[in-house]
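Notes follow the structure.
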Amino acid sequence: MEKIKITFPDKSVKEFDKGVTVFDVASSISSRLASDALVGKLNGKYIDMNSKIEEDGELAILTFRDEEGKMTYWHSSSHLMAHAIQTLYPEAKFGVGPPIENGFYYDFDIDTKLTEDDLIKIENKMLEIAKEKNIFSRSELSKDEAIKLFEEKGDQYKLEILSELDDNEETISIYNEGEFTDLCTGPHVPDVSKIKYVKLLSVSGSYWRGDEKNKQLQRIYGITFPKKKMLDEHLEALEEAKRRDHRKLGKELELFHITPEVGAGLPLWLPNGTILRETLENFLKEEQVKRGYQPVITPHIGNINLYKTSGHYPYYKESQFPTMTFEDSDEEYLLKPMNCPHHFKIFDSKTRSYRDLPIRYAEFGTVYRYEQSGELNGLTRVRCFSVDDSHMFVAQDQLKDEICDVIDLIQTVFSAVGFEDFTTELSFRDDDNEKYGGEIELWEQAQKDLKEAADQMNLEYTIQEGEAAFYGPKIDFIVKDALGRKWQLGTVQVDYVMPERFDLLYVGSDGERHRPVVIHRAPFGSLERFIGVLIEHFAGNFPTWLAPVQAAVIPISQNYFDYAEEVNAKLKENNIRVELDKRNEKVGFKIRDWETKKVPYMLIVGEKEQNTKTVSLRQHKIGDLGSLDLNDFIYNIVDEINSKANNNEERFSSLKKNTA
RNA sequence: GCUGACGUAGCUCAGUCGGUAGAGCACAUCCUUGGUAAGGAUGAGGUCACCGGUUCAAUCCCGGUCGUCAGCUCCA
């Protein structure tokens with residue numbers, strides 16, 4: 001028997017008979033691995049467990065613990081779900097059903113509109129089929145054979161996919177599992193019984209191939225696990241996400257309020273939310289002053305010609321509030337959907353010299369965009385929001401340094417609030433999209449500048465072709481919300497187009513007129529979205545410098561109101577946001593109440609504290625820390641606030657030992 | 001915008017298989033002056049999202065509108 005050499009990820013090499021299956025190899029290592037193994041990776045290619053290995057190679061045997069193993073598992077799960085749907089709804093036509101970051105989905109076309117209740121039925125059917133232990137078997141066939149097969153099944157969507165495949169280049173394969181056959185490149189887990197625990201999460205509409213001109217199919221999202229504990233943990237994580245949801249916390253902590261009586265997507269900032277927002281604004285303003293920005297203020301509306309000049313109108317007409325017109329005048333105004341034109345006009349208000357550059361105008365500019373109703377989402381997608389906008393007018397040779405400074409500013413902002421888990425995308429143009437204006441050379445220059453700046457600042461990024469703004473490429477900073485949805489926050493955009501359209505010029509050292517380059521940038525992006533994500537990031541437990549109420553003074557009874565007033569006044573003198581709780585309630589009640597309001601510190605004062613000029617300190621989520629000198633507390637909390645500390649767990653903890 | 005689900009007190013929710021509604025929390029008043037996560041009593045609070053239709057009668061059934069949620073699409 002001919003032998004082959006297999007190299008494992010730990011670089012060990014073992015010999016096997018030629019034609020050995022991945023499963024055999026796994027069995028030779030351990031029976032545990034043989035039973036956990038889901039898929040093999042031979043020389044970088046994923047293969048089924050029962051695939052025969054015919055030549056030497058590097059083999060990894062993957063289980064659910066591996067990311068790729070998980071993907072295979074969920075991919076197979078989507079087939080199992082499709083199988084269950086086919087059994088329950090024989091008329092079903094199937095679209096696509098891939099694994100995703102957390103689970104899988106399958107798109108299908110059936111006449112009945114499914115509801116959440118139907119999901120249970122499908123779940124049960126899946127578990128029933130899983131028990132049959134059908135194996136996933138692969139067969140390869142010619143395009144004609146495949147077309148014939150799916151014509152017989154009447155699967156028009158599969159036929160559409162097939163018609164676009166080139167069978168000279170790609171092997172066409174199908175996978176069969178029990179009664180269910182699907183066009184699929186694989187690989188799959190050995191048999192359906194590997195899928196043990198199933199939770200179907202939601203059903204919704206989804207356009208075939210993501211094109212709204214196409215028919216809307218139904219999509220079911222689900223997730224599966226080999227162990228019950230994993231499913232329980234996943235469901236618990238979903239519950240936690242619900243608890244962190246900024247829409248829920250925004251209500252509970254009285255940060256903002258959205259009511260249809262004002263308008264969908266038009267948030268009202270309540271006092272607590274306003275403190276949070278203004279604290280962030282002031283922080284950024286200080287940073288911007290250090291970096292040579294000049295504050296400006298512009299109106300909320302503008303003459304429509306501004307947007308005709310910029311090119312935003314009429315291409316984005318659908319996402320604008322309607323224009324304002326007057327009976328006795330031809331003038332038309334628009335609620336401003338962006339701040340750029342106003343800032344351009346400030347630049348253009350007098351002759352600029354190269355000596356003035358870079359010019360950096362900054363404004364927390366409120367803009368209005370008529371987002372589609374189905375897109376509105378708490379604070380993260382609204383119709384009125386404030387951008388921490390700046391437009392910077394620079395000479396070409398200043399561009400890269402300016403971009404670097406902006407990236408540095410965004411990093412400063414993100415690290416101040418403890419955003420560590422973000423991704424960065426460079427969005428470039430693609431050649432065949434007609435939305436992109438301006439000359440190709442300028443675009444290439446801009447993309448080169450951005451990329452060089454990103455590299456110089458050691459950003460780790462991915463490049464997104466065709467995602468650029470119509471006027472230029474950009475760098476976006478993206479974070480995920482509690483539910484795992486991605487939101488773009490900070491952005492830096494290079495723009496050679498608008499200076500042209502607005503005919504912006506400065507006088508160079510040569511006495512000639514030159515075109516500045518514009519950088520659009522916003523570290524927060526929109527205050528609304530940023531704060532929405534921030535609420536979820538901290539789960540409402542804001543660091544002291546951001547907390548709307550930083551400390552609550554709780555007198556034990558009326559007898560200690562005088563001292564409580566004294567403590568309250570002293571904290572106020574030190575600019576600490578403090579509330580004195582004189583309600584006619586017991587201490588336990590008040591503690592519970594302030595705890596649910598997530599206030600960082602509670603200062604409990606009674607006879608003992610009054611006599612010794614101390615406070616009994618209780619820290620949010622940590623509990624009673626014993627008493628300390630009022631002045632010591634003030635010194636520490638002021639230091640904590642001024643340093644914008646994101647973590648105060650250790651700050652007062654030494655006290656606890658003293659009193660224990 | 002599309003598909004589906006949902007909309008009952010400030011909040012979280014129950015309820016009515018068609019006969020105009022209820023709890024807990026929050027709020028107000030009173031009693032209680034209490035030492036580290038809910039003291040007690042009383043009270044006020046709702047055109048059951050809105051507009052039509054069916055019906056003797058609609059919060060409940062039907063249609064539309066608005067809004068919310070999930071996903072799709074979109075996102076200057």
Side-chain angles (χ1 to χ4, degrees), chain A residues 105 107 112-119 201-221 242 245 247-248 251-252 254 257-265 307 310-313 315-320 336-341 367 369-378 380-381 383 387 435 467-472 474 483 485 487-488 491 493 495 497-498 520 526 529 554-561 584-596 602-609 616-627:
Chain A
Y105 67 80
D107 286 347
T112 356
K113 295 287 178 197
L114 297 182
T115 66
E116 309 267 327
D117 296 336
D118 296 318
L119 298 185
L201 297 160
S202 66
V203 53
S204 57
S206 156
Y207 298 107
W208 167 237
R209 314 207 110 181
D211 187 337
E212 62 180 326
K213 290 182 205 81
N214 287 341
K215 179 163 183 182
Q216 199 162 49
L217 310 181
Q218 297 192 67
R219 171 176 298 180
I220 294 179
Y221 284 88
K242 272 189 202 162
D245 191 317
R247 292 163 296 192
K248 181 176 151 73
K251 222 177 259 180
E252 287 171 3
E254 298 182 20
H257 178 60
I258 299 176
T259 168
E261 286 160 295
V262 172
Y307 309 99
S310 74
H312 288 108
Y313 190 88
Y315 301 108
Y316 300 100
K317 213 173 167 182
E318 286 76 51
S319 53
Q320 287 166 185
K336 68 176 173 185
M338 71 289 299
N339 299 302
C340 352
V367 297
R369 299 177 189 179
Y370 195 81
E371 302 291 352
Q372 295 183 20
S373 60
E375 271 309 325
L376 299 176
N377 186 275
T380 48
R381 194 78 184 266
R383 286 179 174 159
V387 185
K435 87 171 172 183
E467 290 297 317
F470 77 91
Y471 51 72
K474 56 181 183 165
L483 296 170
R485 293 181 289 205
W487 298 101
Q488 178 200 313
T491 182
Q493 313 180 349
D495 181 1
V497 174
M498 292 293 161
H520 308 241
S526 107
R529 177 176 293 177
I554 302 176
I556 298 287
S557 83
Q558 282 176 15
N559 302 331
Y560 314 107
F561 275 13
N584 181 9
E585 296 290 353
K586 289 191 173 180
V587 183
F589 178 90
K590 293 184 186 178
I591 285 170
R592 180 187 149 79
D593 196 45
W594 291 106
E595 195 64 37
T596 59
M602 290 177 231
L603 309 178
I604 292 133
V605 296
E607 187 171 7
K608 200 171 78 198
E609 290 74 17
S616 175
L617 182 64
R618 190 187 168 93
Q619 194 170 339
H620 176 52
K621 295 190 87 131
I622 291 179
D624 188 9
L625 290 172
S627 53

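Here is the naming used below: chain letters follow the sequence lines, and residue numbers restart at 1 for every chain.
The listed nucleotides are B/G34, B/A70, B/C2; the one nearest the side chain of A/S557 is B/G34. Closest approach to the A/R592 side chain among B/A38, B/G34, B/G1 is made by B/A38 (side chain taken as heavy atoms from C-beta onward). The A/K608 side chain lies nearest to B/G35 when the options are B/C2, B/G35, B/C72. Listed nucleotides: B/A5, B/C72, B/A70. Nearest to the side chain of A/R485: B/A70. With B/G67, B/G39, B/G4 as the candidates, the nucleotide lying closest to the side chain of A/P260 is B/G67. When each of B/U3, B/G39, B/C75 is scored by its nearest atom to the side-chain atoms of A/E371, the top-ranked nucleotide is B/C75. Distances were taken from every side-chain heavy atom of A/R618 (C-beta onward) to each of B/A37, B/C72, B/G35; the shortest belongs to B/A37. Considering only the side chain of A/S204, B/U3 comes nearest among B/G35, B/A5, B/U3. When each of B/C2, B/C11, B/G35 is scored by its nearest atom to the side-chain atoms of A/K251, the top-ranked nucleotide is B/C11. Comparing B/U68, B/G35, B/C11 by their nearest atom to the side chain of A/L376 picks out B/U68.
Interface remark: the A/R381 side chain does form a donor-acceptor pair with the B/C75 base, using a distance-only criterion of under 3.5 Å. Put simply, the side chain of A/Q218 and the base of B/G71 share no donor and acceptor less than 3.5 Å apart. One cannot find a donor-acceptor pair under 3.5 Å joining the base of B/C2 and the side-chain atoms of A/E212. In the interface, the side chain of A/Q558 is paired with the base of B/U33 through a donor and an acceptor atom under 3.5 Å apart. The base of B/G35 lies outside donor-acceptor range of the side chain of A/Y560, with no N or O pair under 3.5 Å.
Checked by atom type and distance alone, the side chain of A/R219 never pairs as donor or acceptor with a backbone atom of A/S204 at under 3.5 Å.
Comparing the C1' positions of B/A37 and B/U29 gives an interatomic distance of 26 Å, to the nearest angstrom. Distance noted for atom P between B/G15 and B/U8: 14 Å (whole Å). Rounded to whole Å, the separation between the C1' atoms of B/G22 and B/C60 comes to 16 Å. When the P atom is used for both B/U20 and B/A57, the distance is 14 Å, rounded to whole Å. For the C1' atoms, the distance from B/A5 to B/A9 is 24 Å, rounded to whole Å. Rounded to whole Å, the separation between the C1' atoms of B/G52 and B/C66 comes to 14 Å. Across the C1' atoms, B/A58 and B/C2 are found 31 Å apart, a figure rounded to whole Å. Here, B/G18 and B/A70 have their P atoms 32 Å apart, quoted to the whole Å.
With a cut-off of 3.5 Å on both Watson-Crick or G-U wobble distances, the partner of B/C30 is given as B/G40. Base pairing of B/C66 is made with B/G7, judged by Watson-Crick or G-U wobble geometry with both donor-acceptor distances under 3.5 Å. Nucleotide B/G71 has B/C2 as its partner under the Watson-Crick or G-U criteria, with both atom distances under 3.5 Å. Applying the Watson-Crick and G-U wobble criteria (two distances, each under 3.5 Å), B/G35 pairs with nothing in any strand. In this structure, B/G18 forms no base pair with any nucleotide, since neither Watson-Crick nor G-U wobble geometry is met with both distances under 3.5 Å. Base pairing of B/C60 is not made with any nucleotide, judged by Watson-Crick or G-U wobble geometry with both donor-acceptor distances under 3.5 Å.
If you take CH2 on A/W594 and CE on A/M602, they are separated by 9.0 Å, rounding to the nearest 0.5 Å.
Regarding A/L119, its CG atom lies at a distance of 12 Å from the P atom of B/A5, rounded to whole Å. The CD1-P distance, from A/I556 to B/G39, rounds to 14 Å in whole Å. When the P atom of B/U33 is taken as reference, atom CZ of A/F589 falls 18 Å away, rounded to whole Å.
Among the protein residues, A/G374 comes within range of the nucleic acid bases, having at least one heavy atom under 4.0 Å from a base atom. A/E254 comes within 4.0 angstrom of nothing in the nucleic acid, heavy atoms only.
Note on A/S202: every side-chain N or O is 4.0 Å or more away from OP1 and OP2 of B/G71. For the pair A/Y207 and B/C74, the criterion of a side-chain N or O lying under 4.0 Å from OP1 or OP2 is not met. For B/A70, one of the phosphate oxygens OP1 or OP2 lies less than 4.0 angstrom from a side-chain nitrogen or oxygen of A/N377. For B/C69, one of the phosphate oxygens OP1 or OP2 lies less than 4.0 angstrom from a side-chain nitrogen or oxygen of A/R247.
Taking the six-membered ring where the residue is Trp, A/Y105 and A/Y221 present tilted rings, their angle falling between 30° and 60°.
Using a 4.0 Å cut-off between a side-chain N of Lys or Arg and a carboxylate O of Asp or Glu, A/D245 and A/R247 qualify as a salt bridge.
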